[in-house]
Amino acid sequence: MSSAVPQYQLFVGIDISAKTAAVAWLSPGKKVTAAFTVEQIYPGFAQLRDKLVATGHQPAEVLVVMEATGCYWVGMVTTLVAFGFRVSVVNPAQAHYFAKALLKRSKTDAIDAQTLAKLASLLNPELWVPPPAVYHQLQQRLTQREGLISVRTQLRNQLHALQHHPVVIEAVQSRLETLINTLNKQVEQIESEMVEVLTTNEEWQTSAQLLQTIKGIGLITTVSLLVTTLNFTTSKTVESLTAYAGLAPTLYQSGSSVWHKPAIGHTGKARLRAALYLATLSAAQSNPMIKAFYDRLREAGKPMKVARCAAARKLLHLAWAVVKKGQPFDPDYGKEPQPT
């Protein structure tokens, strides 16, 4: 039996931008209001709270919907949840196609806020749940590590180019080498901190230990998986998780005249997809299950990238299985017993 849909008395749409947010709402059976603007700072959030409370509805009776726009939605959503409002954060693609279904031709912040209010009233999207503290600890370190790796790559390229000059200035080379060594130490420090952070949450630490029993999945891939999936809680099935990662081939076919070869496209979580793809480079060599799967696809004539994406998808399935079943990876799983 499906759970009852909450009976909200007010549906609020918020279109987020860097400095301001456009807000509109509607009550059941009534037209959507004109949009107004609040500042993307705490006084603006408090102003919005006061306006919503002035409608006569309790915070628990109000459903607020906004898009996941960059990083700008985080302050608004966490504050509104702290105020007691029910908040849903939807994929911008969902809001985009909802607006197209309504045949919206114009696009402004005010129109987008009104459209989100209608989306809230018609679809009742799933509520946003604040992630645990371990998520923020790992996510920020993971992002910083990626930034340091990018800078280190630039410096290494500069050093490589410098060493091909007919005259190398020792001071310039020394500064580059010092910077690279500093970045190496900082990357190592971040990785050590990640290991320590995982010990602060038993569920995440257990998942991390299980994931690293899979050959090809190391610390960074593990942290990427845990952060982007919130410890495998963002999706209810492995199929939806595969689509969430952007590793599920999509079909485009109509009648007999329109047919495109299935492809993964560029949707889904790019960070998760990249982490799995890079992990596959190692797993295709060291993990017997992934190696056999990858080699079979290549022998069947599949292009290298197609085979790697398929192997990344299989690696994600393995990661899902070990975490959800709470069992370490077994490379012999599914094999027929050898005759004695």
What are the two closest non-hydrogen atoms of [X] and [Y], and how far apart are they?
| X | Y | result |
| --- | --- | --- |
| Arg298 | Ala307 | CD-CB, 3.8 Å |
| Ala283 | Ile290 | O-CB, 3.8 Å |
| Ala110 | Ala22 | N-CB, 4.2 Å |
| Gln212 | Leu219 | OE1-N, 3.8 Å |
| Ala208 | Leu226 | CB-CD1, 4.0 Å |
| Ala34 | Gln114 | CA-NE2, 3.9 Å |

One pair to check against side chain to side chain contact (heavy atoms under 4.5 Å, CB included): Ser224 and Leu142. What are the steps and the verdict? CA-CA 7 Å; Ser224 296; Leu142 189 64; 3.7 Å; yes

To the nearest 0.5 Å, what is the distance between [atom1] on [X] and [atom2] on [Y]?
| X | Y | atom1 | atom2 | value |
| --- | --- | --- | --- | --- |
| Leu80 | Trp128 | CG | CH2 | 10.0 Å |
| Leu241 | Trp320 | CG | CH2 | 6.0 Å |
| Thr115 | Lys107 | OG1 | NZ | 8.5 Å |
| Ile111 | Arg105 | CD1 | CZ | 12.0 Å |
| Leu211 | Thr222 | CG | OG1 | 5.0 Å |
| Gln163 | Leu176 | CD | CG | 9.0 Å |

Determine whether [X] and [Y] make a side-chain contact, defined as any pair of heavy atoms from C-beta on separated by less than 4.5 Å.
| X | Y | answer |
| --- | --- | --- |
| Asn231 | Val323 | yes |
| Val167 | Ile169 | yes |
| Phe11 | Pro28 | yes |
| Val322 | Ile214 | yes |
| Tyr277 | Cys309 | yes |
| Glu177 | Ile180 | no |
| Thr20 | Val38 | no |
| Asp112 | Lys104 | no |

Would a distance-only check, ignoring hydrogens and angles, find a side-chain to backbone donor-acceptor pair under 3.5 Å from [X] to [Y]?
| X | Y | answer |
| --- | --- | --- |
| Arg313 | Leu247 | yes |
| Ser286 | Ser282 | yes |
| Gln40 | Ser17 | yes |
| Tyr294 | Met289 | no |

Among all residues two or more places apart in sequence or in another chain, which pass the ring-ring contact (aromatic ring centres under 6.0 Å, His included) test with Tyr97? none

Once ring-ring contact (aromatic ring centres under 6.0 Å, His included) is applied, do any residues pair with His160, and if so which ones, sequence neighbours excluded? His164

Sequence neighbours excluded - side chain to side chain donor-acceptor pair (under 3.5 Å) pairs with any residue from residues 132-142: Gln137-Arg141, Gln139-Thr143, Arg141-Glu193

Answer yes or no: does atom CD of Glu203 have more than 12 heavy-atom neighbours from other residues, nucleotides or ligands under 6.0 Å? no

Take a 6.0 Å sphere around OH of Tyr72 and say whether it holds more than 12 heavy atoms from other residues, nucleotides or ligands. no

Quick one about Thr153 and Ser150 (side-chain donor to acceptor, distance below 3.5 Å, no hydrogens or angles considered), yes or no? no

Taking atom types as modelled, find out whether Thr237 and Ser240 have a side-chain donor-acceptor pair closer than 3.5 angstrom. yes

Joint cluster assignment, [X] & [Y], ILVMFWY side-chain distance < 4.5 Å:
| X | Y | value |
| --- | --- | --- |
| Val238 | Leu230 | yes |
| Val74 | Leu138 | no |
| Leu179 | Ile149 | yes |
| Ile41 | Trp73 | no |
| Leu278 | Leu225 | no |

Start with the C-alpha gap between Asn124 and Tyr8, add the side-chain angles, then the distance that decides, and say whether side chain to side chain contact (heavy atoms under 4.5 Å, CB included) holds. CA-CA 9 Å; Asn124 266 274; Tyr8 297 112; 3.3 Å; yes

Would you be so kind as to tabulate the donor-acceptor pairs closer than 3.5 Å made by side chains of residues 43-53, with sequence neighbours excluded?
none

Exercise answer: donor-acceptor pairs, residues 56-68 side-chain atoms, under 3.5 Å, sequence neighbours excluded:
residue	atom	partner	partner atom	Å
Glu61	OE1	Gln58	N	3.1

Run Leu316 and Leu318 through side chain to side chain contact (heavy atoms under 4.5 Å, CB included) and show every step you take. CA-CA 5 Å; Leu316 181 58; Leu318 294 178; over 6 Å; no

Counting only pairs under 3.5 Å, give me each side-chain donor-acceptor contact of residues 82-91, with atom names and distances, residues two or more places apart or in other chains.
residue	atom	partner	partner atom	Å
Arg86	NH1	Gly84	O	2.8
Ser88	OG	Glu126	O	2.7
Asn91	OD1	Ala93	N	2.8

Give the intermediate values and the outcome of side chain to side chain contact (heavy atoms under 4.5 Å, CB included) for residues Thr182 and Gln186. CA-CA 6 Å; Thr182 300; Gln186 291 182 343; 4.0 Å; yes

Is the Trp25 to Phe36 ring centre distance short of 6.0 Å? yes

Any carboxylate oxygen within less than 4.0 angstrom of a Lys/Arg side-chain nitrogen, looking at Arg145 and Glu191? yes

